[in-house]
Amino acid sequence: MDMDLYQEELIKKISAITPFYIVGGTVRDHLLNRPGKDVDGIIPIPLEELEKHLREWGYHPLKIGAKHQTLSVFQQGQRMDINFFDGDLEADALRRDFTINAVFQDARTGELIDPLQGREDLENKLLRACGNPWERFREDPVRILRMVRFSVQYGMDIEEDTFRSAQSLLPELKHVASERTSEELGRILTLADPAAGIRLLNELGYLTLYLPELVRLQGLAQNRYHTKDAWEHTLQVLANTPPQPILRLAGLFHDLGKWEVASRECYVWGKCWAEDKGYYIGEYRILGRQLHRYHGDCVEVHGTRLDHYPQVIQVKRIRKDPSCRRGFEWVRDGKRHFLGHEKESGRLTRQILARFRLAMVLGKEGEGGEKDLLWLIENHMSGTLSFIAELRGEGTALQLNQKMRQFVWEKGWDGRSYRLTRVDQLLELWRADFYGGKKREPKEEQIFEELLEKLHQTNKAVQKRHQELEWGELEKFAQEHKIKGREWGDFKESLRKTRVVSVDWIPLTTGFLEKEYKHFKGRNYAKRERE
């Protein structure tokens, strides 16, 4: 069994004073020829007695848990958890979650003890609860999520009674600390095949109870360019993302809003009027910008009628209609639209975040928190919208270079620092979405990959340019011109963007600063006039 020297040494010392049985994932992974890390063991003597010995040997154990205490030893990035048992291995096995985790190894002899035939289940790729499955899930409902994870991770079928018992006890997860369920969801999402985990959660009925926003995407038809409905597209995007929690969650939630805004092209005619802070034409509520300009007028609206809110029409174009026609008409072969779905996806994700504790999953390894997740979701269409011409093979190299620098700066600069990782994550999400089920020609894919590679390079170049900025001449200029307070901050921000985004290096000469300050004051004056 693969162990670190410190683990082997510690087990040898413990085994000299009491029987010690290694159990759980350590034995399971050894039988599957998979590398293990932490060690779980059980002893038939009180933990207080072992703790005394450990301290005498120079270890610093911690007691964890209130009802069922565990003695944990941390060293060299490894962990060993030790629990008490009354000497009856079969009784101990029946209290565990699944038979594959109820195989014991005697640390003294190396003998495997398998009271519930866990080795046979491993060989047959069958996931089965220990003893009465209903009782096992009732004891700890989080085992339901562990069941999903193990099934996908090890490619195992779930035994029928185990699956049915898990289904019947799904509502019990409502009473479990959200930190625990969130952690298990994070583990499922970072599996090699996260889409399989989501499909199994759906089959189990978990999504209906706890993530209904996802279930609604099933069968939601997209436009004619897509080969998959919104549900299958989402699972494909999820599968396309690297195994970072923030990207997996962004892939899973990026299109939640499509159900809310799904619509089809239409025309509506009639008088536009305002009521209760909204605008209406006949029975339809009209959503659009600057509708106050048309209050009281007869209009023609070319818009989209929402699938699931049929009394609502989003405006694409609106104009006055002197004929004062009235009525509604579908556009023949009209397009499917999901206008504004990015923002709606962000709104729904906020609701989900309030139900879970995904911050503890997102906070790992500096990958970003909830705010960054929401930002990725709400900006996931920005690449396509910004470079739609280039994706069609249009535009010049010089225009593209400047456009890319502008794009990565706007996405990477948060007002205080340039965030290279956030831009890279956005580009990875874009790639996952791009290959999520649309009809593509090989030439389109080649153009996309070349564009994405250039954006990654531009991202690094802009970060480097920003790190090289020097402000000595600017501070001298500011003192001479008595630029202070907010004006100083705004002028510095304007210069920062100009110098970083520019294709050519711009030195901070007096002439350049004079010119930029003049433009800056002119822009500010025009802005105040507009306000």
Side-chain angles (χ1 to χ4, degrees), residues 1-123 127-128 130-131 136 139-140 142-143 146 149-150 153-154 183-184 187:
M1 189 173 292
D2 294 330
M3 290 188 194
D4 283 353
L5 288 176
Y6 113 84
Q7 292 173 327
E8 292 179 356
E9 180 185 343
L10 181 54
I11 290 173
K12 186 177 180 180
K13 287 183 176 181
I14 296 173
S15 298
I17 62 170
T18 180
F20 185 94
Y21 297 94
I22 304 168
V23 67
T26 312
V27 181
R28 177 198 67 224
D29 290 342
H30 172 68
L31 293 172
L32 290 170
N33 293 316
R34 291 171 177 249
K37 183 178 180 182
D38 301 330
V39 174
D40 295 311
I42 57 173
I43 56 173
I45 64 171
L47 294 182
E48 292 77 10
E49 183 178 338
L50 176 61
E51 182 180 11
K52 180 181 177 182
H53 286 290
L54 289 170
R55 295 192 183 281
E56 290 173 352
W57 298 335
Y59 296 98
H60 303 282
L62 294 176
K63 271 189 177 177
I64 300 174
K67 187 176 180 182
H68 302 289
Q69 286 195 332
T70 297
L71 202 60
S72 297
V73 183
F74 301 86
Q75 191 162 321
Q76 300 173 2
Q78 307 296 316
R79 173 175 178 169
M80 184 179 294
D81 289 336
I82 305 165
N83 288 277
F84 168 79
F85 84 114
D86 62 7
D88 187 339
L89 287 177
E90 183 171 356
D92 185 86
L94 286 170
R95 288 192 290 268
R96 296 186 176 274
D97 51 8
F98 305 103
T99 60
I100 64 171
N101 295 328
V103 182
F104 304 86
Q105 183 177 41
D106 189 324
R108 291 173 169 175
T109 66
E111 177 191 4
L112 291 175
I113 304 163
D114 186 11
L116 303 180
Q117 291 75 53
R119 293 182 70 183
E120 183 179 340
D121 286 342
L122 269 177
E123 292 170 1
L127 189 60
R128 180 166 55 95
C130 296
R136 296 293 81 75
E139 288 166 354
D140 186 359
V142 172
R143 287 171 170 168
R146 284 168 59 84
R149 174 162 60 90
F150 288 143
Q153 185 173 1
Y154 299 115
E183 185 176 15
E184 278 301 327
R187 289 173 176 173

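Heads up: numbering here begins at 1 and tracks the sequence.
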Q: Working note: Leu50 + Leu71, criterion side-chain contact (heavy atoms from CB on, under 4.5 Å); need CA distance, chi angles, decisive distance, verdict.
A: CA-CA 9 Å; Leu50 176 61; Leu71 202 60; 4.0 Å; yes
Q: Rounded to the nearest 0.5 Å, what separation is found between the CD atom of Gln105 and the CZ atom of Phe20?
A: 10.5 Å
Q: Between Tyr59 and Tyr6, how do the two ring planes meet: parallel, tilted or perpendicular, split at 30° and 60°?
A: tilted
Q: Can you check whether Val23 reaches Arg96 side chain to side chain, under 4.5 Å on heavy atoms?
A: yes
Q: Let's go through Asp92 and Phe104 carefully: what are the C-alpha distance in whole Å and the side-chain angles of both, what is the deciding distance for side-chain contact (heavy atoms from CB on, under 4.5 Å) to 0.1 Å, and is it a yes or a no?
A: CA-CA 10 Å; Asp92 185 86; Phe104 304 86; 3.4 Å; yes
Q: Check whether any side-chain heavy atom of Trp57 sits under 4.5 Å from a side-chain heavy atom of Ile14, and report yes or no.
A: yes
Q: Whether Lys52 and Glu49 form a salt bridge (side-chain N of Lys/Arg under 4.0 Å from carboxylate O of Asp/Glu) is what I want to check.
A: no
Q: Can you see which heavy atom on Ser72 is nearest to which on Ile64, and at what distance?
A: OG-CD1, 3.3 Å
Q: Should the pair Glu8-Lys12 be classified as a salt bridge under the 4.0 Å nitrogen-to-oxygen rule?
A: no
Q: Taking the side chain as every heavy atom from C-beta outward, state whether Ile11 and Met80 have any atom pair closer than 4.5 Å.
A: yes
Q: Pro19 versus Asp106: any side-chain heavy-atom pair under 4.5 Å?
A: no
Q: Taking atom CG of Asn101 and atom CG of Leu116, what is their separation to the nearest 0.5 Å?
A: 11.0 Å
Q: Take Asp40 and Asn83, measure what side-chain contact (heavy atoms from CB on, under 4.5 Å) needs, and give me the verdict at the end.
A: CA-CA 8 Å; Asp40 295 311; Asn83 288 277; 5.8 Å; no
Q: Which value, rounded to the nearest 0.5 Å, describes the distance between Lys13 atom NZ and Glu56 atom CD?
A: 11.0 Å
Q: Between Lys63 and Glu48, does any side-chain N to carboxylate O distance fall below 4.0 Å?
A: yes
Q: Is there a side-chain contact between Asp140 and Asp97, using heavy atoms and a 4.5 Å cut-off?
A: no
Q: So, does Asp121 use its side chain to make a donor-acceptor pair with the main chain of Ile100 at under 3.5 Å?
A: no
Q: Taking the side chain as every heavy atom from C-beta outward, state whether Leu122 and Leu32 have any atom pair closer than 4.5 Å.
A: yes
Q: Side chains of Pro61 and Arg55: does their closest heavy-atom pair fall under 4.5 Å?
A: yes
Q: With the threshold set at 4.0 Å, does a side-chain nitrogen-carboxylate oxygen contact exist between Arg119 and Glu123?
A: no
Q: Can you tell me how far the CG atom of Leu47 sits from the CD1 atom of Ile42, to the nearest 0.5 Å?
A: 11.5 Å
Q: Pairing donors with acceptors under 3.5 angstrom, does anything connect the side chains of Arg28 and Tyr154?
A: yes
Q: Between the side chains of Glu139 and Arg136, is the shortest nitrogen-to-carboxylate-oxygen separation below 4.0 Å, so that they form an ion pair?
A: yes
Q: Locate the shortest heavy-atom distance separating Val27 from Ile22; write the atom from each residue and the value.
A: CG2-O, 3.4 Å
Q: In Å, rounded to the nearest 0.5 Å, how long is the span from OG1 of Thr26 to CD of Gln7?
A: 8.0 Å
Q: Between CZ of Phe85 and CD1 of Ile45, what distance do you get to the nearest 0.5 Å?
A: 11.0 Å
Q: Please report the closest heavy-atom contact between Leu89 and Pro115, naming both atoms and the distance.
A: O-CG, 4.4 Å
Q: Would Gln153 and Arg187 satisfy side-chain contact (heavy atoms from CB on, under 4.5 Å), going step by step from the backbone distance to the final call?
A: CA-CA 10 Å; Gln153 185 173 1; Arg187 289 173 176 173; over 6 Å; no
Q: More than 12 heavy atoms of other residues, nucleotides or ligands under 6.0 Å from CG of Leu5: yes or no?
A: no
